[in-house]
Each structure stands twice: as structure tokens, then as C-alpha cells.
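None of the values given here were measured: they were computed from a predicted structure. Indexing begins at 1, ligand by ligand and atom by atom, following the structure's order. For this chain, numbers begin at 1 and follow the sequence in order.
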Amino acid sequence: MIQNRIEILNGDITALGVDAIVNAANNSLLGGGGVDGAIHRAAGSELLEECKTIGGCPTGEARITRSYNLPAQWVVHTVGPIWYDGTQNEEEMLAACYRNSLALAKEHGIQTIAFPAISTGVYRFPMERATNIAIRETVQFLQKNNQIAKVILVCYGDRAFKIYREALKNILSEIL
Ligand code: APR
């Protein structure tokens, strides 16, 4: 049942003991602010050392590393699009972040994975649009792939949490 395999959580993604957490990184993969900063702080400096060996990541793609001091086993780094005005293929790039992160997780036998709201912070992607993309891509992936048992969409604050829950309710009522 799809609705049992998607969960909306309000809190700090670095605290989750899931198989993998997703990092909203930048193209260099060398750390930053926001959730990227929180993940690197919690994982410790070895995460940055491993990221340095990867040599960056194009927008829309995903790379995987160990998680070091984090409770999760893996970190999937993906680079979301910076929002300009919606005419620069931003929506497709954000959808690709979710698709590629989930595909990479499946390749590594990951069963539980948590995403932050990619691109909705520093990259200024409108939260409502980003939420619909996140949920639609997750639902479509889960409908085709049973290997992933649960996807957790982590919001960081009540506003995001409300938007995510509303969007999930609407999308699930459309497909069920
Ligand atoms: N846990 C879960 N979500 C978080 C956390 C956290 N600890 N910290 C921040 N967030 C949320 C933000 O509230 C936002 O909704 O993650 C979402 C993504 O925001 P950013 O972290 O700013 O990421 P993004 O908008 O994708 O911008 C990426 O910011 O930190 C830099 O290096 C990063 O250059 C890259 C850019």
C-alpha cells in the first residue's frame, strides 16, 4: 500500500536512523549551509574527505557516500536546481533529483530513505511546487519498485509540514 510507504516528518533529518538520508548539496559537494551544513556537522570531517574524492555532482544527479557519525548508514547527495522563474527547466531538474536519488538507493539495497525539501531553502524553489514534485516522483517510483520499503519526506518547520501533508493527501486521493 503506497500510503504506508510514504511518511511526512517534521524535524531534523540528521537524527533519523534510516538506511539513507538525502543531502541537498551544491555542485561542488564540499558542504555549505542549511541541511548540507547540518549533515556535514553531524557526520564529521570524514564525510567531506569522501566527498572530495567524488569530484562534484551535476544538478539533478545524485552521488552516495558513507555516513560516518550519522545514525543513518548512507548519505545520498543530490544537487537541486536554483529557482529563477520556472522557465529554466527547474521543475524537471528537481524531479530528476528525486528519481536519481531513489534509483541510486535501490542500486545499494537501501530500504528506508529520508529526503529534505530539496531546493526550498537557499535555492528558493517555491515550497508548494517543490512538494508536489517530491510527492509525485516518490509515489511513481514506489508504484514501480517494491525494494524501497519507506520514503520519509522531512519538513523543517510547521509551514512546510502543513504544505507537505496537504499535498500528500491530495495526491493520494487522486490515485487511490
Ligand atoms: N533537517 C531537515 N531539513 C532541513 C534541515 C535539517 N536539519 N536544515 C534545513 N532543512 C530544510 C530547509 O528548511 C529547507 O526546507 O531543508 C530544505 C532545503 O534547504 P537548504 O538546506 O537551504 O537547501 P537548498 O535550498 O537545496 O539549497 C542548497 O544551500 O546549504 C547550501 O550547500 C548547499 O549550496 C547548497 C544550497
Subject >> NZ or CZ of R165 within 45° of F161 ring axis and under 6.0 Å >> reply: yes
Original post:
Salt bridge between E92 and R99, side-chain N to carboxylate O under 4.0 Å?
Top reply: yes
Would you tabulate the polar-atom pairs, meaning N/O of ligand 1 against N/O of the protein, with distances under 3.5 Å, reported to 0.1 Å?
unit_1, atom_1, unit_2, atom_2, d
ligand 1, 1 (N), I13, N, 3.0
ligand 1, 7 (N), D12, OD1, 3.0
ligand 1, 15 (O), T120, OG1, 2.8
ligand 1, 19 (O), G121, N, 3.4
ligand 1, 21 (O), V35, N, 2.7
ligand 1, 22 (O), V122, N, 2.9
ligand 1, 25 (O), G121, N, 2.8
ligand 1, 25 (O), V122, N, 3.1
ligand 1, 25 (O), Y123, N, 3.1
ligand 1, 26 (O), S119, N, 2.9
ligand 1, 30 (O), G33, N, 2.9
ligand 1, 30 (O), G33, O, 2.8
ligand 1, 32 (O), N26, ND2, 2.8
ligand 1, 32 (O), D36, OD2, 2.7
ligand 1, 34 (O), N26, ND2, 3.4
ligand 1, 34 (O), Y123, OH, 3.2

Original post:
Is R136 paired with E174 through a side-chain N to carboxylate O contact shorter than 4.0 Å?
Top reply: yes
**OP:** With I133 as reference, evaluate E90, E91, M93 under the side-chain contact (heavy atoms from CB on, under 4.5 Å) test and give the passing residue.
**Re:** E91
Subject >> Residue pair D85 / W83: nearest heavy atoms and the distance that separates them >> reply: C-CZ2, 3.8 Å
**OP:** List in chain and number order the residues that pass side-chain contact (heavy atoms from CB on, under 4.5 Å) with M127, two or more places apart in sequence or in another chain; answer none if no residue qualifies.
**Re:** A117, T120, T131, R159, A160, I163, Y164
